[in-house]
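Here's the structure, in structure tokens; my notes come after.
Letters A, B, ... mirror the listed sequences (proteins, then strands); counts begin at 1. This one's a predicted model, so the numbers in the text were calculated from it and none came from an experiment.
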Amino acid sequence: MTVRTRFAPSPTGYLHIGGVRTALFNWLYARKHGGQFILRIDDTDQQRNVAEALQPILDGFRWLGLDWDEGAAVGGPCGPYYQSHKLDRYQEAVRQLLDKGLAYWDYARPEETKAEMEAAEKEKRPKIYSRRWMAVTEADRKRFEAEGRQAAVKLKMPREGVCRFHDHVRGDVEVAWAGEQDTVIQRSDGTVMYNLANVVDDFDMKITHVIRAEEHLSNTPRQIFMLEGLGYPRPEYAHVPAVSEPGSKNKLSKRKIAQYLKNPDFKKMYDHAKALADRVGLTTTPDSFNPVLIDFYKQVGYLPDAVMNYLVLLGWSLDDKTEDFTRQQMIDLFSLDRVVKASASLDVKKLFAFQERYMQAVPVAEKAERALPYLVRAGLVPDPAPAEVRATVGQIVEAAGPRLKVFGDILDYDDFFLPDDQLPYDEKALDKHLRKDPGAGWIGDLRAIVASAEPFDAPTLKQRIEEFIQARGAKPIPVTQTLRVAVTGKEVGFGVYETLAILGRDRCLARIDRALGLLVK
RNA sequence: GGCCCUAUCGUCUAGUGGCCUAGGACGUAGCCCUCUCAAGGCUAAAACUCGGGUUCGAAUCCCGAUAGGGUCACCA
């Protein structure tokens, strides 16, 4: 039997990182077993524009490289893959359940149901519906309807016995049927609810392994009740732990971003990203720019492989030391029985550590290519970037080395693309390194070295300036810092000799002269 | 509140009765390297929720407590 797994997002306009983790497990399991991964759209309750709200989700999946064999945008033999297109099919299933006496028409008014549940809560009883407005006969239906009531269809859950099922993560699970609520499966307007649609779809799409978040564990008995009533085979289940918020075990939520930002590590990572986003003109509302959403990492310039590698370890491990996995290794080594049972908190610092490591392995040319769009969007380089600009970007990327942690970090080196007469200078740095000695006394000679070094490359500059340092009996740091501030306006950056070389002699001299001009306030 | 689930360093985790003086990773601290900033190297601090059992022996098995989480919608 071919393994078939699925992920069923509802088109909300964003892709939650916890959802991605669950999707990843499904994808890995399908790929490992040579099966199919299906992307189905749970839009039973959607009034919004599905196509529009779906786009970011599909884009996210494509960016991550989680390809799907059937489903949204690609179709397949078990469609439709949109729940909103299957109402007739679902209603037929509801009818079957009704015919078999496994479901019933219920005429309770919402406020009546609510009152019962509140009473149960108060008396510390299980919240089980009394079936007081259940229509048993056709006469009951007429009577209730004469009262102006509307009917929903509810499941007639067993009131005794236990439901048993095996779960690949939890082991054998047992729950008493008596504790299961008579869930609504069809609303009074005729549309159906998630639980019913889910069961029907999993059957129609021949899903063999239902791998989903732990929060669905409690849905499982009623789904089993339905699928058995409908005569469907039971899929295998694996309920994976939820991804929880930083520093707690609460479910991760994009709405709680303000709270997460109180965590210093989280805030630091966010602020770094936000600064980049602002430079390239991205909107940074919590709905669009949020570390809980996968798009955030895409926008800032993370590597999908790094994100995937971090995510696969959120609730799964291979052994006591292996942490780095290529896609293929993940596929080969993943197994459900090594999924952890406890929920795992999102740790953006660790995610960032994976990003750093993966980034270091990216060849310079590729880094430059992928960093370039950030410069374009920031308006620092023209759109089809000329060859010499691309070459400069390559040199910067090379010189920056491990300092470039996400592609957006290229903006840290924006000063290379600024006209020399617009370069901002850090006043404090000017005070410290150029307005007073020893820097003030050196800069003239340093300028002369820059003017005369031949060839004008990093090794030559290094040699000449080291000679200068030696001749003066100076410490290297103040000298290089003086030079650095004079040509970049800042105290930090990558190697000063590389900086000079990339800038070229003319620009270096122009900048030094401009700095000298700024010394007199 | 009912039902269900979970419980090892701050965080992600290894651990399935003796290999545990509890291992790895991120983070943190210190040192080294170094033209600043990074990166890199080395070192360190850091955990079995508690209480009872079972056993020669328990992080590992059992019971209880505690804590946290999920769920109980005409949401998905």
Side-chain angles (χ1 to χ4, degrees), chain A residues 8-10 12 42-46 83 106 108 110 113-114 117 120-128 150-154 167 169-170 173-176 178-181 183-189 191-195 197-198 213-221 239 241-242 244 246-251 265 310 313-324 338 340-354 356 360 400-405 412 429 433 462 465-466 469 475-485 488 490-497 499:
Chain A
S10 53
T12 50
D42 270 15
D43 57 350
T44 47
D45 191 46
Q46 301 297 328
Q83 292 189 333
D106 185 72
T113 309
K114 203 174 160 213
M117 294 311 129
E121 168 106 51
K122 208 183 235 168
E123 293 162 35
K124 304 181 179 181
R125 281 184 289 111
K127 293 180 186 171
I128 299 296
Q150 293 196 309
V153 179
K154 280 183 177 173
D167 186 286
V169 177
R170 318 262 141 199
V173 181
E174 270 188 20
V175 299
E180 296 299 307
Q181 179 64 289
T183 341
V184 172
I185 54 174
Q186 186 180 95
R187 299 182 182 92
S188 46
D189 67 1
T191 60
V192 301
M193 301 279 293
Y194 160 80
N195 273 295
N198 196 274
E214 186 190 14
E215 59 191 282
H216 291 286
L217 189 63
S218 53
N219 281 326
T220 309
H239 288 90
S244 47
S248 101
K249 293 294 178 195
N250 289 310
K251 204 159 72 168
D265 290 340
Y310 169 72
L313 289 171
L314 212 52
W316 176 83
S317 71
L318 176 70
D319 56 25
D320 60 338
K321 34 183 73 84
T322 317
E323 293 235 309
D324 287 4
R338 288 200 60 86
V340 147
K341 291 189 180 72
S343 64
S345 303
L346 176 69
D347 180 356
V348 293
K349 289 278 269 198
K350 183 144 184 169
L351 168 51
F352 195 73
F354 275 100
E356 286 190 67
Q360 287 188 23
R403 293 170 187 80
L404 197 77
K405 294 165 200 254
D412 286 347
H433 298 285
K462 184 174 194 302
I465 287 160
E466 281 175 355
I469 289 166
K475 290 228 191 297
I477 296 172
V479 175
T480 53
Q481 285 300 82
T482 295
L483 202 46
R484 179 189 303 282
V485 171
T488 67
K490 296 182 292 197
E491 287 186 292
V492 296
F494 48 73
V496 70
Y497 309 117
T499 303

Within the distance-only criterion (no hydrogens, no angle test), does the side chain of [X] pair as donor or acceptor with the backbone N or O of [Y] below 3.5 angstrom?
X      : Y      : value
A:Y194 : A:I185 : no
A:T480 : A:I477 : yes
A:D106 : A:K154 : no
A:Q481 : A:H433 : no
A:E121 : A:K127 : no
A:R338 : A:W316 : no
A:S10  : A:T12  : no
A:S248 : A:S244 : no
A:R484 : A:F494 : yes
A:S188 : A:A151 : no

**Prompt:** Along nucleotides 30-49 of chain B, 5' to 3', which nucleotides get a B, which get an S, and which get a -, given that the test is a protein heavy-atom distance under 4.0 Å?
**Reply:** -----BBBBS----------
Taking the [atom1] atom in each of [N] and [M], what is the distance between them to the nearest angstrom?
N      : M      : atom1 : value
B:rA29 : B:rC50 : C1'   : 31 Å
B:rA47 : B:rU21 : P     : 15 Å
B:rC5  : B:rG64 : P     : 13 Å
B:rG70 : B:rU54 : C1'   : 32 Å
B:rG69 : B:rU60 : C1'   : 23 Å
B:rA46 : B:rC56 : P     : 34 Å
B:rA14 : B:rU8  : P     : 10 Å
B:rU36 : B:rU49 : C1'   : 47 Å

Roughly, in whole Å, what's the span from [atom1] in [X] to [atom2] in [N]?
X      : N      : atom1 : atom2 : answer
A:F352 : B:rU11 : CZ    : C1'   : 17 Å
A:E121 : B:rU71 : CD    : P     : 15 Å
A:D167 : B:rC5  : CG    : P     : 11 Å
A:E215 : B:rA73 : CD    : C1'   : 14 Å
A:E180 : B:rA73 : CD    : C1'   : 15 Å
A:W316 : B:rA14 : CH2   : C1'   : 13 Å
A:H239 : B:rU71 : NE2   : P     : 12 Å
A:K251 : B:rC75 : NZ    : P     : 16 Å

**Asked** B:rC72 phosphate, OP1 or OP2: any side-chain N/O from A:R125 under 4.0 angstrom?
**Response** no
**Asked** Is the distance from OP1 or OP2 of B:rU13 to the nearest side-chain N or O of A:R338 less than 4.0 Å?
**Response** no
Atom pairs, N/O to N/O, protein against nucleotides 22-24 of chain B, distance under 3.5 Å?
residue: B:rG23; atom: N2; partner: A:D320; partner atom: O; Å: 3.1
residue: B:rG24; atom: N2; partner: A:E323; partner atom: OE2; Å: 3.3

**Asked** Between A:T113 and A:L318, which is nearer to the 5' end of RNA chain B once each is assigned its nearest nucleotide?
**Response** A:L318
**Complete:** Assign each of A:F354 and A:S248 the nucleotide of RNA chain B bearing its closest heavy atom; nearer the 5' end lies the nucleotide of A:F354
At under 4.0 Å between heavy atoms, what does [X] touch on the DNA or RNA strands: base, sugar-phosphate, or nothing?
X      : answer
A:K127 : base
A:V479 : nothing
A:A178 : nothing
A:S345 : sugar-phosphate
A:N219 : base
A:K154 : nothing
A:G315 : sugar-phosphate

Across all strands shown, which nucleotide pairs with [N] by Watson-Crick or G-U wobble geometry, both distances under 3.5 Å?
N      : answer
B:rC42 : B:rG30
B:rG68 : B:rC5
B:rC48 : none
B:rA73 : none
B:rU16 : none
B:rA25 : B:rU11

**Message:** Side chains of A:K249 and A:S345, heavy atoms from C-beta outward: is any pair under 4.5 Å?
**Reply:** yes
**Prompt:** Which of these nucleotides, B:rA73, B:rC5, B:rC26, is closest to any side-chain atom of A:K349?
**Reply:** B:rC26
**Message:** Can you identify which nucleotide, out of B:rU13, B:rU11, B:rU6, has its nearest atom closest to the A:K341 side chain?
**Reply:** B:rU6
**Message:** Check A:R170 with A:E214, please: is the shortest side-chain N to carboxylate O separation under 4.0 Å?
**Reply:** yes
**Request:** Using a strict cut-off of less than 4.0 Å between a Lys/Arg side-chain nitrogen and an Asp/Glu carboxylate oxygen, indicate whether A:E323 and A:K350 qualify as a salt bridge.
**Result:** yes
**Message:** Between B:rC72 and A:S218, counting only base atoms on the nucleotide and side-chain atoms on the residue, is there a donor-acceptor pair under 3.5 Å?
**Reply:** no
**Message:** Walk me through whether A:R187 and A:T191 qualify under side chain to side chain donor-acceptor pair (under 3.5 Å).
**Reply:** CA-CA 5 Å; A:R187 299 182 182 92; A:T191 60; 2.9 Å; yes
**Item:** Verify stack between A:H216 ring and B:rA76 base, 5.5 Å, 30 degrees
**Value:** yes
Hey, what are the protein-to-nucleotides 64-67 of chain B N/O distances that come in under 3.5 Å?
none

**Item:** Donor on one side chain, acceptor on other, A:D42 and A:Q83, under 3.5 Å
**Value:** yes
